[in-house]
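A, B, ... follow the sequence lines: proteins, then strands. Residue 1 opens every chain. These values consider heavy atoms only, across backbone and side chains, with no hydrogens, waters or symmetry-generated copies. This structure is a prediction, so every number in the text was calculated from the model and none was measured.
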Amino acid sequence: MKRRELLRAGVFAGAAAATLRPSVAAAQNAGPAKSELTPAGMGVDASQDLAAPGWRPLFLDEHQNETLIVLSDLMIPATETLGAKAALANRYIDLVLAAEKPDVQAAFLNSLGYLDGESMRRYKAAFRYLPREQQDDLLQSMAYPREGSGWTGEAATADPGHTHFEYLKQRIAGAYYSSEIGQRELGWDGAFAHGPYKGCEHSQGAEGDHK
Amino acid sequence: MPQDPLQQTYDAVVVGSGATGGWAAKQLAEAGLKVALLEAGRAVSPKEFTEHMPAYKLKYRDHSPEIARTRPVQKQCYACMEYNYEWFVNDLENPYSTPAGKPFTWQRLRILGGRSLVWGRQSYRLSDNDFKAASRDGYGDDWPISYADLAPYYDIVEKYVGITGAAEGNEMLPDGQFLPPMKMSCGEILMRERVKAKFGHTVTIGRAAVLTQNHNGRLGCHYCGPCERGCSTFSYFSSPFTTVKDAVASGNCTLITNAVVSHVNMDNSTNKANGVTYVDRLTRQVKEVRGKSVILCAQAMESTRILLNSSTREYPNGLANSSGALGHYLMDHVVGGGASGRLPELKATPDANEPQRPNGIYVPRFRNTPSSKKAPGFIRGYGFQGGADIDFNLRSEGYGASYKRAVKEGVYGISLGAFGESLARWDNYVEIDSSLKDAWGIPALRIVMTHGDNEAALMQDASATAAEMLEASGAKDIRVQANVEMPGMAIHELGTARMGTDAKKSVLNPFNQTHDVKNVFVMDGASFVSSACQNPTLTMMAITVRACSNLIERFRKSEV
């Protein structure tokens, strides 16, 4: 994800309109109908929608939603900063999935189902009910790609566990780092601009931050 | 009491308010001509700019299903976002057709300023290696103008617009009137030095229509990043707040928005146009604007569509189409070749509060140049755009607290992507689809275009040279791409009303006047004879200013 997609807040949009001559400003502000503006163009702030009291999932069932909450808390836990659970990553993922095409919806449920399937196979219980230690064991076994053996010459084989793990992780990471909590975790100070761009500020070979 | 704008006869009716239409309106109105400037879309206000709104304030954080529903074509454009998708045409109202197996993505805006609101702002001059390419390699036709003809107009445009860039003295990329260049990152400086040492190729900072200092009453860039969502300080060039503003301020330009032009009106007794007919976008009423001249700046294919829809008994195959060339020689730069990797030797950590530079680096064409050997397997060439920068690494391994830390350790990425010349071919063309109309009842286009073997060979070569340059720069984990993206993806549509000196083979004369109808002009990318490989908007604007200078002279001599 590019940093320009991890975006900046704004306060002075519109201030520059005053620099236009009145006749031009009048022509340009004659104004579109509201229906011709995006919600963002109208200044709608939807950042608190997911925290609304009485929230219910649109797409996931209760078990899937609870599983996703548990998984997101393990994937990106609270440390010295808040984690994916506090960022309501599950709610954002549910919102987007509800509007997705059936194949994308199915892919997500398939990966979540794989996690539960492996959990049932190994521990005879669904993932969300496992003790923390077993949840970690299961995720550890899926977190890194299976490699071939140098001793036996065995080639690396397809590793569906790792594929499902990465898919779920990227969904959760995308939801987390695009939230305000996630932006703050990256160190964002809340300003929308930090110019001018200074470029490389050291000579070649020198120690220091090679921006 | 103000006069009814439709009861007047204007000296010029300009269709389209984007990069070229804005210039035409400004030049003509400031010269004292009475101008009507018609825009198919609505007016735009800085109040709707969203460049400072963080993604978390969007309901879907840029994954709105409304975009997929109403703009399945437009969403293929990187700049069509949950922030601004209403600027782009609604695909349900603006259809076009393509033959089976020949997809074309047509990404366009209908709003005051058109695509100048969201363009990539990269601004490069063409050279005689482009204008006279046919004489050098035998393919196609030379332009009827040379670099010397256009250079003074490049100067005018650059001085007004404000182009940041660095002079390099490169034979393929003439220098211009530059504002101070933006700075390079450490990785880019490393690439510039090592690529020059190993291959002799130039890696320069991008030349962009973004102000690096206050200029012509506009503020210098504050480096917030996403220009395509509007710019509250007007630091990047877009026509509503520059050329169109000047035109209206002159007192000689009447701006008419929501005017969807269907065709040019002809007086067959004099073989001259006397205005245009448009459909009011909101009321669907049909209206006419009268003018002594008609100047089409509606975007290459839209201008040609208007001419094709203006058939008369004398011009049964489209107005000003006695040559039969109208609609043909459609071009769009080929993209899809390049490479990316990471630069492990550079130690840096990403910073969420880093200024965002709205620009990258550029590698001018180095294949088939006067000083290089003939490249095997293809003619013409490509330029690279790219960059190198530290970024957060959401692709880090593992999970949990260690993953959170790894994301912030970042990865120093480096990449190059090619823009290749699209050869002008007769069999790439647009025509009217007699079975398809837009929401205003105007016959729509059928677009027939494929990239050919030369374009595929360019992308193949570009993938190899990009990988070599990245490797020479010290990059690891290099990934190569040698795709040929579908036509339209470069959003550099050109041709379909080419200029030339032979009225039997071209639509326009060297001053963008149609050979057939002396008071009808096409002053946008439709006039290009070849595509070169440089981003074309700067050249389009220079051509417009040159054509307008000629037209103003002819008005002074009462020749119009």
Check: Can you say whether the rings of B:His52 and A:Phe192 are parallel (under 30°), tilted (30 to 60°) or perpendicular (over 60°)?
Finding: parallel
Checklist line | Which atoms of B:Ser402 approach chain A - backbone, side chain, both or neither, heavy atom under 4.5 Å | finding: neither
Next item on the list: Under 4.5 Å heavy-atom distance to chain A, tell me which part of B:Asn84 shows up: side chain, backbone, both or neither.
Entry: backbone
Note to self: Strictly less than 4.5 Å between heavy atoms, which residues of residues 74-85 of chain A line up against chain B? Please order them by number.
What the structure shows: A:Leu74, A:Met75, A:Ile76, A:Pro77, A:Ala78, A:Thr79, A:Thr81, A:Leu82, A:Gly83
Next item on the list: May I ask you to list the residues in residues 53-60 of chain A that approach chain B closer than 4.5 angstrom, counting heavy atoms only, ordered by number?
Entry: none
Next item on the list: Answer with side chain, backbone, both or neither: which region of B:Met184 has an atom nearer than 4.5 Å to a non-hydrogen atom of chain A?
Entry: backbone
Check: Side chain, backbone, both or neither: which part of B:Glu82 has an atom under 4.5 Å from a heavy atom of chain A?
Finding: backbone
Check: Where does A:Glu180 contact chain B at under 4.5 Å (heavy atoms): side chain, backbone, both or neither?
Finding: both
Note to self: At a 4.5 Å cut-off on heavy atoms, which part of B:Lys404 comes close to chain A: side chain, backbone, both, or neither?
What the structure shows: both
Note to self: Among residues at least two apart in sequence or on other chains, which ones pass side chain to side chain contact (heavy atoms under 4.5 Å, CB included) with B:Ser238?
What the structure shows: B:Ser116, B:Leu117, B:Tyr236, B:Pro240, B:Phe241
Notebook entry, point to check: Is it the side chain or the backbone of B:Arg69 that comes within 4.5 Å of chain A heavy atoms, both, or neither?
Noted result: neither
Next item on the list: Considering only heavy atoms, give the residues of residues 135-143 of chain A separated from chain B by less than 4.5 Å, sorted numerically, with 'none' for an empty result.
Entry: A:Asp136, A:Leu139, A:Gln140, A:Ala143
Notebook entry, point to check: Given the rule in the salt bridge (Lys or Arg N to Asp or Glu O under 4.0 Å) test, do B:Glu354 and A:Lys198 qualify, once you have shown the distances and angles that lead to the verdict?
Noted result: CA-CA 9 Å; B:Glu354 187 81 1; A:Lys198 296 193 182 78; over 6 Å; no
